[in-house]
> 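Have a look at the structure that comes next, please.
Naming: A, B, ... by sequence-line order, numbering from 1 per chain. Side-chain atoms are counted along with the backbone in the values below, which use heavy atoms only and exclude waters and symmetry mates.
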There are 2 protein chains.
Amino acid sequence: MEAQIDEILKKNQLSVTGSRKRILELFLMSNGALAHGDIEKKTGEKFDRVTVYRTLQTFLEKGIIHSIPTSDNSVLYALCKDDCTEGHHHDNHVHFICNKCGKTICLADVTVPEIKIPGGFLPQDYQMVVTGLCAECR
Amino acid sequence: MEAQIDEILKKNQLSVTGSRKRILELFLMSNGALAHGDIEKKTGEKFDRVTVYRTLQTFLEKGIIHSIPTSDNSVLYALCKDDCTEGHHHDNHVHFICNKCGKTICLADVTVPEIKIPGGFLPQDYQMVVTGLCAECR
DNA sequence: GACTGACATGCAACTTTGTTGCAAAAAGTT
DNA sequence: AACTTTTTGCAACAAAGTTGCATGTCAGTC
């Protein structure tokens, strides 16, 4: 785990610091998505609010994590797959949000279908969010 | 227009007030989606911030408008089609967000494809957002 | 059209969420 | 170990959203 975290940071030319290690660890442990608030709560008093914001920002820019749009407009982040590179994401799987427990799960095996868009529009990215009940809550 | 607005409000058992009429009018005029901020700006000094929040909340509950998830996590609202009823929305069209001008457009003709979800999950609602360049910006 | 109960609004105060500038601290480099 | 660059924490701020309560407005009834 330690080694994996270091590797990810170094691969992205980021210095290895306490907050980055801790936040990355949180993402690796939870196989769902995390809201900013979750991260703040789980790191407790350890890091400043601002640091969490900036760390997430950095991870986003480097393509380590991606953000997920939700219907209630909270901000969610999840780890990217390996083939995400800086700038452009290949994060074409569907996200599932449970209406009961609120957890967000990446359905890594379900790819977003490419749909037909009316002429005139130039689509660049497709995102799909399914809400409902997860296996534990139904 | 006047008559249409009154009808919508009465159909939903809402009293016809100045703010509701004005905000509903804004939605009817713009055929795209509106952010809370847009509405506040366009109504000017006329209504209190709180009133705008509460009016949108009410419209959401009654199924007059629906919220749209965006990639940058701002809150967007758009008018629902007629077959939206209180509680449950049948808002199964795709939303397009332009990366340049930021406008959100409802692609009313493009329906969200029903995809296969792994067993265990109980899907209730599908939402799809496409980002890219709109006709004017490309 | 005036009366009345129910609902909507405005105000104030507050919480939560996100941002910016800058000095101190820690990381990476030689 | 000394130096440079990056990251962090603090403080102050800005924006976004919420809550309680007194006042005002609406819809229905007489």
Side-chain angles (χ1 to χ4, degrees), chain A residues 2-3 5-26 33-62 64-65 67-77 86 102, chain B residues 2-3 5-27 33-62 64-65 67-77 86 102 104:
Chain A
E2 273 297 304
I5 291 171
D6 273 40
E7 194 201 314
I8 294 174
L9 289 175
K10 281 185 182 147
K11 196 167 63 188
N12 288 282
Q13 293 149 36
L14 292 173
S15 36
V16 180
T17 68
S19 62
R20 288 183 182 160
K21 278 200 285 187
R22 182 77 186 96
I23 291 174
L24 201 44
E25 188 189 20
L26 283 178
L34 295 173
H36 173 95
D38 296 335
I39 296 165
E40 245 182 74
K41 270 166 221 147
K42 284 181 186 171
T43 54
E45 303 288 292
K46 223 160 166 344
F47 307 107
D48 194 79
R49 250 157 36 82
V50 181
T51 303
V52 177
Y53 278 110
R54 289 197 269 228
T55 304
L56 289 174
Q57 190 61 40
T58 307
F59 285 0
L60 265 183
E61 279 162 16
K62 292 291 182 179
I64 299 173
I65 58 175
S67 68
I68 304 168
T70 72
S71 41
D72 72 332
N73 284 100
S74 57
V75 192
L76 288 176
Y77 303 95
E86 189 162 347
Chain B
E2 273 297 302
I5 290 171
D6 273 37
E7 194 202 315
I8 294 174
L9 289 175
K10 282 186 180 145
K11 198 168 61 186
N12 288 283
Q13 294 149 36
L14 291 173
S15 38
V16 180
T17 67
S19 63
R20 288 182 182 160
K21 278 200 284 187
R22 182 77 186 95
I23 291 174
L24 201 44
E25 189 188 18
L26 283 179
F27 276 113
L34 295 172
H36 173 95
D38 297 334
I39 296 165
E40 243 182 74
K41 269 167 221 146
K42 284 181 186 169
T43 54
E45 303 287 292
K46 222 160 167 344
F47 306 109
D48 195 78
R49 249 157 36 81
V50 181
T51 302
V52 177
Y53 278 111
R54 287 198 267 228
T55 304
L56 289 174
Q57 190 60 40
T58 306
F59 285 1
L60 265 183
E61 278 163 18
K62 292 291 183 181
I64 299 173
I65 59 175
S67 67
I68 304 168
T70 71
S71 41
D72 72 332
N73 284 102
S74 57
V75 191
L76 288 176
Y77 303 95
E86 190 162 347
T104 298

> Rounded to the nearest 0.5 Å, how far apart are CG of B:L24 and CD of B:E7?
11.0 Å
> If you round to the nearest 0.5 Å, how far is CD1 of A:I23 from CD1 of A:I65?
8.5 Å
> Which heavy-atom pair separates B:N12 from B:I8 by the least distance, and what is that distance?
ND2-O, 2.8 Å
> Could you tell me the separation between the NE2 atom of A:H36 and the C1' atom of D:dA16, rounded to a whole number of Å?
15 Å
> Taking only residues two or more places apart in sequence or in another chain, which ones pass salt bridge (Lys or Arg N to Asp or Glu O under 4.0 Å) with B:E25?
B:R22
> What does nucleotides 25-30 of chain D look like as a protein-contact string, B for base, S for sugar-phosphate only, - for none, at under 4.0 angstrom between heavy atoms?
-SS---
> Just jot down the side-chain contact (heavy atoms from CB on, under 4.5 Å) partners of A:R54, sequence neighbours excluded, or say none.
A:V50
> Mind listing the closest non-hydrogen atom pair of B:Y77 and B:F27 along with its distance?
O-CE2, 3.4 Å
> Show every donor-acceptor pair shorter than 3.5 Å between a side-chain atom in residues 34-43 of chain B and any protein atom, with sequence neighbours excluded, or say none if there are none.
{"unit_1": "B:H36", "atom_1": "NE2", "unit_2": "B:E40", "atom_2": "OE2", "d": "2.5"}
{"unit_1": "B:D38", "atom_1": "OD2", "unit_2": "B:A35", "atom_2": "N", "d": "2.9"}
{"unit_1": "B:T43", "atom_1": "OG1", "unit_2": "B:I39", "atom_2": "O", "d": "2.9"}
{"unit_1": "B:T43", "atom_1": "OG1", "unit_2": "B:E40", "atom_2": "O", "d": "3.1"}

> Listed by chain and number, what are the side-chain contact (heavy atoms from CB on, under 4.5 Å) partners of A:K21, not counting sequence neighbours?
A:E2, A:I5, A:D6, A:L9, A:V16
> Which whole-number value in Å describes the distance from A:L9 CG to D:dT6 P?
16 Å
> Hey, where on DNA chain C does chain A first and last touch, going 5' to 3'? Cut-off is any atom under 4.0 Å from a heavy atom.
C:dT17 to C:dG28
> Which residues pass the side-chain contact (heavy atoms from CB on, under 4.5 Å) test with A:T17, sequence neighbours left out?
A:S15, A:S19, A:R20
> Just report the end-to-end axis angle for the helix from C:dG1-D:dC30 to C:dT30-D:dA1, five pairs per end, to 10 degrees.
30°
> Set out, line by line, the N/O atom pairs under 3.5 Å between protein and nucleotides 9-14 of chain D.
{"unit_1": "D:dG9", "atom_1": "OP2", "unit_2": "A:D48", "atom_2": "N", "d": "3.3"}
{"unit_1": "D:dG9", "atom_1": "OP2", "unit_2": "A:T51", "atom_2": "OG1", "d": "2.5"}
{"unit_1": "D:dG9", "atom_1": "N7", "unit_2": "A:R54", "atom_2": "NH2", "d": "3.1"}
{"unit_1": "D:dG9", "atom_1": "O6", "unit_2": "A:R54", "atom_2": "NH2", "d": "2.6"}

